[in-house]
There are 2 protein chains.
Amino acid sequence: MNKNITMRDIALKMGVSSVTVSKALNDKDGVSDELKEKIKLAAWEMGYRINSVAKSMREGLTYNVGVIIPERFTDTTQTFYLRLYQEIAVALQQHNYYGILHILSRQDEAQLNLPRIYHEQKVDGFIMLGQVSKEYIEIIEQIEQPKMFLDFYDEHSDIDAIITDNFYGAYELTNSLIRQGHRDIAYVGNLYSTSSIQDRFLGYYKSLLEHRLELKPQWIVSDRDEQGTFLELELPDPMPSAFVCNCDQVAHLLLQKLQAKGYSVPADCSVVGFDNDIYATLSEPHLTTVEVDIHQMAFTAVQSMIKKIRSPETRFGRVLVQGKIIYRNSVQSLL
Amino acid sequence: MNKNITMRDIALKMGVSSVTVSKALNDKDGVSDELKEKIKLAAWEMGYRINSVAKSMREGLTYNVGVIIPERFTDTTQTFYLRLYQEIAVALQQHNYYGILHILSRQDEAQLNLPRIYHEQKVDGFIMLGQVSKEYIEIIEQIEQPKMFLDFYDEHSDIDAIITDNFYGAYELTNSLIRQGHRDIAYVGNLYSTSSIQDRFLGYYKSLLEHRLELKPQWIVSDRDEQGTFLELELPDPMPSAFVCNCDQVAHLLLQKLQAKGYSVPADCSVVGFDNDIYATLSEPHLTTVEVDIHQMAFTAVQSMIKKIRSPETRFGRVLVQGKIIYRNSVQSLL
DNA sequence: CTGAAAGCGCTTACAG
DNA sequence: CTGAAAGCGCTTACAG
């Protein structure tokens with residue numbers, strides 16, 4: 001059987017010490033180039049694979065990053081975080097790091113239990129992907145290792161956060177509606193549910209303010225309860241000429257509601273979304289929306305995390321990743 | 001600073017040896033119950049966290065399982081494998097194991113490079129999630145650690161595989177169409193692309209055979225090239241009364257094609273899919289389909305993998321996980 | 001019931 | 001340019 005080859009085995013075979021083997025394989029100084037090449041060749045021939053556990057033990061680094069996603073955000077219809085996780089995994093790979101995904105169960109979240117990867121020192125840092133409760137944030141703050149929030153932030157916490165630029169995304173999107181003649185514009189989303197829904201709302205509101213348009217209370221349509229469970233949408237009366245939805249999935253639901261009630265989109269009513277996820281192109285008409293740059297978010301997060309692991313004092317604060325408006329066919333020009 | 005607490009620190013504080021601390025914290029024999037409790041309390045008070053790297057080094061186990069997904073299967077529209085990965089991560093968690101996701105780039109797949117988690121001995125076993133080329137399978141066979149295929153198998157390889165019961169799923173689904181009076185039934189899928197498309201086809205064919213229905217060549221409609229890239233679907237002429245699609249995504253595409261050409265589904269033509277993924281309920285009408293039991297597949301895979309890690313000689317062969325037909329509105333009874 | 005010793009496979013700091 | 005020694009933090013096997 002191919003018993004695992006160690007540096008010692010190579011050293012024995014080559015008649016050198018394992019120190020020399022280590023130096024040669026790691027391209028460190030102190031070994032002649034000639035010997036280095038010989039050792040590398042022997043290692044390759046013997047099928048040597050480095051034991052990362054021994055390396056980790058010695059260096060005090062696991063080369064793993066924990067990514068925590070609350071179970072609440074992982075049902076069948078929500079794939080955004082999984083795709084973000086995938087990009088994170090790829091980005092980590094490129095830095096010789098590895099991701100360990102931890103799905104935070106509802107129970108552990110409620111009972112404020114940290115994941116086992118924390119208790120077992122399995123990782124060098126934590127990326128919290130998806131908003132958790134204030135109480136859970138306080139628990140995370142006590143972790144003395146590098147940590148960051150991804151796709152949300154907490155105003156009271158100074159933990160680094162990478163977020164999509166929700167505010168300007170919604171602001172620009174609303175501006176574009178106004179440029180096309182819309183004046184009665186509603187917002188769909190529960191303002192008390194997550195910071196991103198809130199920030200998108202504020203971007204929408206800023207656009208209204210700048211154009212001196214009134215924000216009518218009945219034009220804020222709730223879409224979910226504070227736990228994130230979707231509610232039946234209630235159409236405002238009178239109807240606006242356009243809806244800014246906090247996400248594509250809700251825009252998709254709204255579209256179905258509107259069509260069921262006999263409204264034609266965009267002829268009778270325009271709808272825009274946010275995220276450019278699968279719902280944007282599955283909706284009929286396809287949605288004008290803001291594309292979150294998942295790739296960029298993942299890469300920024302990983303890069304920052306690795307910097308923090310290397311120098312734990314590094315602080316980034318709140319990093320905004322710009323989105324991009326994708327124009328499709330769910331908006332009617334009123335001009 | 002909270003310098004990491006080790007067993008040694010606890011031992012020093014309690015005036016015992018670190019052996020005793022280890023035994024106490026692991027609930028091993030050889031320490032009085034009284035002392036055990038005292039040590040556990042002290043560990044808790046001191047904020048002790050076990051160093052899993054040291055444990056791993058000592059035991060020769062990483063407690064990680066590598067899950068390899070070819071990049072080809074991870075574009076925006078395909079979330080099946082990511083959801084399966086998520087279930088795997090949860091199942092592993094329950095066994096005190098962790099998953100490391102490796103996205104196998106097209107390049108590494110073509111160049112037959114094994115992932116770095118192999119070369120660094122980062123994991124105790126490998127789950128290959130999604131079909132790879134014959135050549136790559138041969139490379140995987142050379143891995144001397146536990147390994148298994150998930151959601152595909154290779155006839156020439158005796159590597160354990162967990163697959164959904166594609167054959168009987170498609171067989172039952174086709175039977176149900178025939179029971180509803182359909183006689184002219186087409187199949188949509190490239191028979192040379194993956195084993196699951198092939199097996200679903202054969203289940204469909206078995207149903208035809210049993211009912212003495214002819215399999216007309218023009219009723220096999222290709223949906224993708226052998227690399228998996230979707231092709232424009234070509235409707236057969238004459239048209240069948242029903243289509244059995246190899247997956248929901250293709251059923252969704254077919255639906256759009258049919259509707260664009262003026263066919264009404266299911267009035268003019270019935271369509272069934274496979275997978276019960278997001279496309280099944282995003283299609284209009286919602287698709288009658290076979291639900292792949294993702295949860296069960298992941299749990300079976302993880303359980304088998306852990307058995308194999310504990311006793312490397314364990315063989316499972318090909319494990320079939322039963323699917324379940326979900327009846328919706330995309331089929332018209334002709335009776 | 002308790003502990004001293006050994007060892008897992010590396011790498012760093014130091015000596016030659 | 002090369003190597004002996006030490007140590008990362010555990011756990012097992014053995015001795016008392």
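Every chain is numbered from 1, with letters handed out A, B, ... down the list of sequences.
- Of the candidate nucleotides D:dT12, C:dG3, C:dC10, C:dC10 has the atom nearest to the side chain of A:Lys55.
- One finds no side-chain N or O of B:Ser32 lying less than 4.0 angstrom from the OP1 or OP2 phosphate oxygen of C:dC1.
- Remark: P of C:dG9 and CG of A:Leu12 are 13 Å apart, rounded to the nearest angstrom.
- Computed from coordinates, the A:Asp33 CG to D:dT2 C1' distance equals 15 Å when rounded to whole Å.
- One can place NZ of A:Lys23 at 11 Å from C1' of C:dA15, the figure rounded to the nearest angstrom.
- No side-chain N or O of B:Thr194 forms a donor-acceptor pair with one of B:Gln131 less than 3.5 Å apart.
- When the side-chain nitrogen and oxygen atoms of A:Thr20 are compared with OP1 and OP2 of D:dG3, one or more of them lie within a distance under 4.0 Å.
- With distances taken from any side-chain atom of B:Asn51 to the nucleotides D:dT11, D:dC10, D:dG3, the minimum falls on D:dC10.
- A distance-only check finds no donor-acceptor pair linking the side chain of A:Lys36 to the backbone of A:Asp29 [under 3.5 Å].
- Of the listed nucleotides (C:dC1, C:dG9, D:dC10), D:dC10 has the atom at the smallest distance from the side chain of B:Met7.
- Which of C:dG7, D:dG3, C:dC10 sits closest to the side chain of A:Val19 comes down to D:dG3.
- One can place CD of A:Gln121 at 12 Å from C1' of D:dC10, the figure rounded to the nearest angstrom.
- An OP1 or OP2 oxygen of C:dC10 is reached within less than 4.0 angstrom by a side-chain nitrogen or oxygen of A:Tyr48.
- The CE atom of B:Met297 lies 11.5 Å from the CD atom of B:Glu87; values are rounded to the nearest 0.5 Å.
- Nucleic acid contact class of B:Asp29 (heavy atoms, under 4.0 Å, all strands): none.
- Atom CD of B:Glu37 and atom P of C:dC1 are 14 Å apart (whole Å).
- Taking the nucleotide of DNA chain C with the nearest heavy atom to each of B:Ser17 and B:Ala54, the more 5' of the two is matched to B:Ser17.
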Run the numbers on A:Lys55 and B:Glu120 for salt bridge (charged side-chain N to carboxylate O under 4.0 Å, His left out), then give the verdict. CA-CA 10 Å; A:Lys55 184 182 157 87; B:Glu120 295 183 354; over 6 Å; no

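- Note: CD1 (A:Ile50) to C1' (C:dC10) measures 7 Å, nearest angstrom.
- Counting any heavy atom pair closer than 4.0 Å across all strands shown, B:Val16 reaches sugar-phosphate atoms only and no base atom.
- Summarising the geometry, the separation between CG on A:Leu25 and P on C:dC10 is reported as 9 Å, rounded to the nearest angstrom.
- Between B:Phe73 and B:Tyr81, the angle of the ring planes goes over 60°, which puts this pair in the perpendicular group of the 30/60° scheme.
- Under a cut-off of 6.0 angstrom, the local environment of NZ in B:Lys38 is sparse, with at most 12 non-hydrogen atoms contributed by other residues, nucleotides or ligands.
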Residue pair B:Ser157, B:Glu141: steps toward the side-chain hydrogen bond (donor to acceptor under 3.5 Å, both in side chains) verdict: CA-CA 8 Å; B:Ser157 166; B:Glu141 279 173 334; 2.9 Å; yes

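- A sub-4.0 Å separation between OP1 or OP2 of D:dG9 and a side-chain N or O of B:Thr6 is absent.
- Taking atom CE on B:Met57 and atom P on C:dA6, their separation rounds to 17 Å, with Å as the unit.
- Comparing B:Gly30 and A:Ser18 along DNA chain C, the residue whose closest nucleotide (by nearest heavy atom) sits nearer the 5' end is B:Gly30.
- For the strand DNA chain D, secondary-structure stems (runs of at least three Watson-Crick or G-U pairs, all distances below 3.5 Å) span C:1-3 with D:14-16, C:5-12 with D:5-12, C:14-16 with D:1-3.
- The shortest distance between the side-chain N/O atoms of A:Lys28 and the OP1/OP2 oxygens of C:dT12 is below 4.0 Å.
- Residue-environment remark: CD (B:Glu34) stays at or below the threshold of 12 foreign heavy atoms within 6.0 Å.
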